[in-house]
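A short write-up of the structure that comes next.
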Amino acid sequence: MSTRPLILGLVLLGACDRRDTADLAHATDTPPPIAVPGAPQTSPADPALEPAASPALEHGGAAPTTAATLTPEPAGAPAPAAASSTATTSFPAAPPTLATIPPDRRCGEAGEQPTELPPNLGRGRAPVGTGTLRPGDKRKIGKAALHYDPEAWIGTRKAGHRGAALSIEIDRAEVGPHDPWGAHEDLHPDQEHHTFVGPYRFDLRTGAGDPPASVEVTVSREVCPAAAVMPAAAASRSFWLSTEAIRTYTYDLPGELLQFNLDGRGDTPRLDITDLGYRHWLAPRPGSEHRFRVGPHFVTVDRVTPGPGTRHDGTWQADGDARLHVRVRLDPAADAPLPAPVAAGDPCLESSARTAVPAALTRLPAIQPPRTLDVGKELALGPLTFKYITLEIPARGSGPYREEAEQVPLLQVFAGALGGQTVSDPRMSPRIVRLGRELVRVDTDGRSDRVRLRRTTVTCPHELKLPAPQAPAYVWLGALGRTFVTFPGRGSIPLAIQLYTELSGPGLAVNSENAILSRQLHPDSAGAYTIDDYLVEILDVVPGPDTTHDGQRWQSNGLLPIVNVQLRVTPQPVGP
């Protein structure tokens, strides 16, 4: 009997679709500067006088720090707490903008100072040529060879059909050693679509009939690369993302992969920011500034400029796909030392200050005698009811791809108002069930399909719903305490923080409407991340007395590794 565990992962979006080239005379107009509290302001009529008017910057001094308008720590918190909160929620002021674009930044490449819109972004793609092909025609447009085959084979080696298709090939020297240099596009009557091969874009419009009587092809070529990599740097970096130029920018650091991707497909453009388990996506808007904390970096989206055929009047409107340019600034973030912890209060509630780990979260209560459960049987343990069933997965496929039917054992857990849980094939490895104040370890007895259940009642119920905080809130999560905490957000989806209690060690998952964070916790885990309306910081990871970490995984001689993590959740200001 075999099982195929489902592997869930984050998928980075590919480079976005884009429209053909057009003039962008308005693109070099300077939009009104974004107002940043505490930063020097300038007139839109004189872009040369942007933040360079700061005397400190003119004489090589440090840039002033702009504090976000957040409610400070409560008066009862330790004195250093306010400084720490400010350090993790303050975004540096922008350095002066370069009015003259350096030659090596004409496609929006990264540099220490921001620039106005580079000329190559406004120019977009360079037209190569157009042509019309009829069935059987072959034509060359620039370095692209085209063939309209009305009887092309469409499908795989095993199955398919004959139909109309356009074969495209470009000069192989124009792509990388492992990149494709051709495409095969099915043709259907009265359709319009486009495809990319290397640096070329092919816009196709088919005529009537089956096969189509003709296909009109417009070929354009990239002026700028579609992707770029930013080397590590200690200073701030500013760069442009554009549907007409660099759509994907990667900041490649050891142990880190901070990536920015602009997707302009349709009329709902989207900017994705990802960093190894963290992802935040937003709809960029002209005239607004978005600011994020992503681990050791501040990210600021400070300029959004519509491209040709695209406008924004509350919502994006585009003649086809949205075309736009987005300026992003990346600043290093340095945190002040954490405040000293104060004595812990109620282990199941949030606190207004950083505390020591509550003693009640470090001691495992007495474990009840083990109980066993056979397949097809049912067992009640306190408020939990366990039902051990077998799920049949029917046979599927045929020939060499056929997969035979199989039986998968499932352990179902019912807990009334507390919800429920399902353990798939509990024979594979020991599992932990946590609902309410009940904690149950599920093992096999080693001789049959029978499972063994060991239960204890822990300190806190697993779930805690908190009101929206007005100041930083500190909360402990742990195997014996809370494992699921929510805070309401300004949208319909709340901030949800979940600690997964696994025998290999705890994992942290934070989710909201437009952001996610997933981390496997280690003794030195730390970091601060903006998750929509909140800044979530990992402050402390404290193992229990019978739990150790060998550099790879947590280990314990008890029922499970007992690890507690303290988070600080800080509300973020509304708007830019």
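Scope of the values below: all heavy atoms of this structure, side chains included, with no hydrogens, waters or symmetry mates. Everything numeric in this text was worked out from a predicted model, so none of it was measured.
- Arg205 contributes no side-chain N or O that, together with a main-chain N or O of Gly207, makes up a donor-acceptor pair within less than 3.5 Å.
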Let's go through Leu567 and Ile538 carefully: what are the C-alpha distance in whole Å and the side-chain angles of both, what is the deciding distance for side-chain contact (heavy atoms from CB on, under 4.5 Å) to 0.1 Å, and is it a yes or a no? CA-CA 5 Å; Leu567 305 176; Ile538 303 173; 3.9 Å; yes
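- By the side chain to side chain donor-acceptor pair (under 3.5 Å) test, Arg237 is found to be paired with no residue, residues two or more places apart in sequence or in another chain being considered.
- Judged by distance alone, with hydrogens and angles left aside, the side-chain atoms of Thr206 form a donor-acceptor pair with the main-chain N or O of Gln191 at under 3.5 Å.
- Among residues two or more places apart in sequence or in another chain, the ring-ring contact (aromatic ring centres under 6.0 Å, His included) test is passed with Phe484 by none.
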Verdict with reasoning, Ile273 to Leu258, per side-chain contact (heavy atoms from CB on, under 4.5 Å): CA-CA 7 Å; Ile273 303 169; Leu258 181 59; 4.1 Å; yes
Using atom types as modelled, flag every donor-acceptor pair under 3.5 Å from a side chain in residues 162-173 to any protein atom, sequence neighbours excluded.
unit_1, atom_1, unit_2, atom_2, d
Arg162, NH1, Glu151, O, 3.1
Asp171, OD1, Ala173, N, 3.0

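- Remark: Arg519 engages no residue in a salt bridge (charged side-chain N to carboxylate O under 4.0 Å, His left out) (not counting sequence neighbours).
- The salt bridge (charged side-chain N to carboxylate O under 4.0 Å, His left out) search around Asp331 returns Arg329, not counting sequence neighbours.
- For the disulfide bond (SG atoms under 2.5 Å apart) condition, the pairs that include at least one residue of residues 91-145, sequence neighbours left out, are Cys107-Cys224.
- Contact annotation: the side chain of Glu116 approaches that of Arg303 to within less than 4.5 Å [non-hydrogen atoms, C-beta and beyond].
- The two residues Ala126 and Val223 come nearest to each other via the heavy atoms N-CG2, 3.8 Å.
- With hydrogens and angles ignored, the 3.5 Å screen pairs a side-chain donor or acceptor of Arg139 with a backbone N or O of Thr132.
- Residues Ser288 and His290 approach most closely at OG-NE2, 3.7 Å, considering heavy atoms.
- Using a 4.5 Å cut-off on side-chain heavy atoms (C-beta onward), Glu185 and His193 make contact.
- The distance from atom CZ of Arg279 to atom CG of Leu517, rounded to the nearest 0.5 Å, is 13.5 Å.
- Ring orientation note: the planes of His280 and Phe292 are nearly perpendicular, at an angle over 60° on the 30°/60° scale.
- Side-chain atoms of Thr315 and Gln317 form a donor-acceptor pair, as typed in the model, at a separation below 3.5 Å.
- Thr310 places no side-chain N or O within donor-acceptor distance of the main-chain N or O of Ala322, the cut-off being under 3.5 Å.
- Of the inter-residue distances, the one linking Asp272 atom CG with Arg270 atom CZ reads 4.5 Å to the nearest 0.5 angstrom.
- Applying the ring-ring contact (aromatic ring centres under 6.0 Å, His included) test to pairs two or more places apart or on separate chains, none has a residue in residues 103-151.
- Expressed to the nearest 0.5 Å, how far CG of Asn511 lies from OG1 of Thr486 amounts to 12.0 Å.
- Shown here for Arg553 and Ser504, the closest heavy-atom pair between the two residues is NH2-CA, 3.6 Å.
- The CG atom of Leu117 sits 10.0 Å away from atom CG of Asn120, with the distance rounded to the nearest 0.5 Å.
- Listed by first then second residue, pairs satisfying ring-ring contact (aromatic ring centres under 6.0 Å, His included) with a partner in residues 201-247 read Phe239-Tyr249, Phe239-Phe260, not counting sequence neighbours.
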Please lay out, stage by stage, how His194 and Asp321 fare under the test side-chain contact (heavy atoms from CB on, under 4.5 Å). CA-CA 11 Å; His194 48 254; Asp321 292 340; 3.6 Å; yes
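- In terms of modelled atom types and a separation under 3.5 Å, the side chain of Tyr251 and the main chain of Ala233 share a donor-acceptor contact.
- Rounding to the nearest 0.5 Å gives a distance of 11.0 Å between CZ of Arg490 and CD of Glu513.
- The shortest non-hydrogen separation linking Gln572 to Leu535 is NE2-CB, 3.4 Å.
- A salt bridge links Asp302 with Arg327: the closest approach of a Lys/Arg side-chain nitrogen to an acidic carboxylate oxygen falls below 4.0 angstrom.
- Residues Phe487 and Ser512 are not in side-chain contact: their nearest non-hydrogen atoms beyond the backbone lie 4.5 Å or more apart.
- Under the 4.5 Å side-chain criterion, counting only non-hydrogen atoms from C-beta, Ile141 is in contact with Val128.
- In this structure, Phe298 and Arg293 approach most closely via the heavy-atom pair CE2-CD, 3.5 Å.
- Listed by chain and residue number, nothing satisfies the side chain to side chain donor-acceptor pair (under 3.5 Å) test with Ser525 (two or more places apart in sequence, or in another chain).
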Hey, mind stepping through His184 and Asp186 against side-chain contact (heavy atoms from CB on, under 4.5 Å) and telling me if it holds? CA-CA 7 Å; His184 179 95; Asp186 299 350; 3.8 Å; yes
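- Residue pairs meeting the disulfide bond (SG atoms under 2.5 Å apart) criterion with at least one partner in residues 260-308, sequence neighbours excluded, are absent.
- Applying the disulfide bond (SG atoms under 2.5 Å apart) test to pairs two or more places apart or on separate chains, none has a residue in residues 110-142.
- Side-chain contact check for Ile516 versus Val510: every heavy-atom pair is 4.5 Å or farther apart.
- When all heavy atoms of Tyr278 and Thr530 are compared, the closest pair comes out as OH-O, 2.7 Å.
- Here Thr250 pairs with Gln259 under the side chain to side chain donor-acceptor pair (under 3.5 Å) rule; sequence neighbours left out.
- A donor-acceptor contact shorter than 3.5 Å is absent between the side chain of Asp267 and the backbone of Ala318.
- The distance from the CG atom of Asp532 to the CG atom of Leu495 is 8.5 Å, given to the nearest 0.5 Å.
- Using a 4.5 Å cut-off on side-chain heavy atoms (C-beta onward), Leu324 and Pro284 make contact.
- Using a 4.5 Å heavy-atom cutoff, the side chains of Pro118 and Arg105 are not in contact.
- More than 12 heavy-atom neighbours from other residues, nucleotides or ligands sit within 6.0 angstrom of CH2 on Trp281.
- Counting heavy atoms from C-beta outward, Val215 and Leu146 have side chains that stay 4.5 Å or more apart.
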